[in-house]
2 protein chains.
Amino acid sequence: MKKTVVVFSLVIIAVFILLRISKYSYLSGITSIEMTIAVIAIVFFFAGIYLHKKSLHKKQPNTPKTPKVNYQKIKELHLSKREYEVLCEMAKGLSNREIADVLFVSESTIKTHISNIFSKLDAKRRTQAIQISKELQILPF
Amino acid sequence: MKKTVVVFSLVIIAVFILLRISKYSYLSGITSIEMTIAVIAIVFFFAGIYLHKKSLHKKQPNTPKTPKVNYQKIKELHLSKREYEVLCEMAKGLSNREIADVLFVSESTIKTHISNIFSKLDAKRRTQAIQISKELQILPF
DNA sequence: ATTTAGCTCATACTAAAGTACCAAAATTTT
DNA sequence: AAAATTTTGGTACTTTAGTATGAGCTAAAT
């Protein structure tokens, strides 16, 4: 924020200086107007680049990692809403008992869901299912 | 590359048009020179922003994902070389039997390694160990 | 030379995961 | 309303994972 103010101040000062140069050169001759305009154009061109660069340096740390979930893939795999929930909890490292507790269902239900997930993801183990999900960009982390 | 050429062409055309306007306004009055300069400044300012934005959109896909391994953390956790190998294979989704095969040791050895890994990572399950390793940025993927 | 740390492997056991098959509600779609 | 899908849950079983303990071997550090 402070740097932006400084840059804007410098730009404004540059404008005044260039306006003075333009008036001065206007008195000395007509042909120097094009030169003045060119100088102003170049200065503001790089000012635009500089300011945009600065604004990006501030936005990048705000969004360090934004993993996007490929919802299309989830549909293609015919993963139901509940199955996807179970998959996410599984990927967090929870056991069947823990998943059952956070989703308020029995452990048997979780086992059924996970078996279905495995067949749909073509996985044999939960660790493999997690790896496959990662590659398919299905998980939100 | 093609878009950059187009943009530069448009900018050059804009320069000629503005130079003509400046000459025209120069004939009509002295005060309009400041206006002309202001317009040129604004145009080139945004041109700079636009071009910089475009150049960034080309640089971003060059560096899609570069997961860096935090070797310092591995040392801090006192994970041995072999234990780290086992951890990586585990994170790939392999079973104990499969890890034993790729590392040419017995399944008992893998079980021992994994038990040690769990105590060092403070994990109770392999899925949890994978999640913790991910957060600690220990895994190379 | 002795200790230390790391790698190996085994046995015996418990716990958890996973499979197979079934079936009843609940929900959504047609 | 009927059909299809999803969600739920159970039993019985097999397999894999994980724990505990002990022990031999090697290489590096003290």
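To find a chain, count down the sequence lines: A is the first, B the second, and so on, and within it residues start at 1. Bear in mind that the values here come from a model prediction, so they are computed numbers and not experimental data.
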>> Using a strict threshold of under 4.0 Å (side-chain N to carboxylate O), is an ion pair present between B/Lys73 and B/Glu76?
In response: no

> Which atom names give the shortest non-hydrogen contact between A/Leu139 and A/Ala91, and what distance separates them?
Replying inline: CD1-CB, 3.7 Å

>> To check you understand the geometry: which heavy-atom pair defines the closest contact between A/Gln131 and B/Phe141, and what is its length?
In response: OE1-CE1, 3.9 Å

>> For B/Ser106, give me all partners under side-chain contact (heavy atoms from CB on, under 4.5 Å), at least two apart in sequence or on another chain.
In response: B/Ser108, B/Thr109

> Quick one: what's the B/S/- string for nucleotides 13-19 of chain C, heavy-atom cutoff under 4.0 Å, read 5' to 3'?
Replying inline: ----BBB

> Any link between A/Met90 and B/Leu94 through a network of hydrophobic side chains (Ile, Leu, Val, Met, Phe, Trp, Tyr) touching at under 4.5 Å?
Replying inline: no

> Going 5' to 3' along DNA chain D, which nucleotides are the first and last within contact of chain B (any atom under 4.0 Å from a heavy atom)?
Replying inline: D/dA17 to D/dT19

>> Tell me the closest heavy-atom pair linking A/Ile138 and A/Tyr84, and the distance in Å.
In response: O-OH, 2.8 Å

> How would you label the contact of B/Ser108 with the nucleic acid (heavy atoms, under 4.0 Å): base, sugar-phosphate, or nothing?
Replying inline: base

>> Please enumerate all residues that pass salt bridge (charged side-chain N to carboxylate O under 4.0 Å, His left out) together with A/Lys124, with sequence neighbours excluded.
In response: none

>> Tell me the interatomic distance from B/Asn116, atom CG, to C/dA5, atom P, rounded to whole angstroms.
In response: 13 Å

>> Between B/Glu98 and A/Arg125, does any NZ, NE, NH1 or NH2 come within less than 4.0 Å of an OD or OE carboxylate oxygen?
In response: yes

> What are the two closest non-hydrogen atoms of A/Ala123 and A/Ile132, and how far apart are they?
Replying inline: CB-CD1, 4.0 Å

>> If I take atom NZ in residue A/Lys81 and atom C1' in nucleotide C/dT28, what distance separates them, rounded to the nearest angstrom?
In response: 11 Å

>> From CG of B/Leu103 over to P of C/dC9, roughly how many Å is that when rounded to an integer?
In response: 11 Å

> Excluding sequence neighbours, so at least two apart, what forms side-chain contact (heavy atoms from CB on, under 4.5 Å) with A/Glu83?
Replying inline: A/Leu79, A/Ser80, A/His113, A/Asn116, A/Ile117, A/Lys120

>> Which heavy atom of A/Val86 sits nearest to which heavy atom of A/Leu103, and what is that distance?
In response: CG2-CD1, 3.8 Å

> What is the distance from CD of B/Glu83 to P of C/dT8, rounded to the nearest Å?
Replying inline: 10 Å

>> Can you give me the bend angle of the helix from C/dA1-D/dT30 to C/dT30-D/dA1? Use the axis through the first five pairs and the one through the last five, nearest 10 degrees.
In response: 60°

>> I want to check one thing: is the phosphate of C/dG6, taken as OP1 and OP2, less than 4.0 Å away from some side-chain N or O of B/Ser80?
In response: no

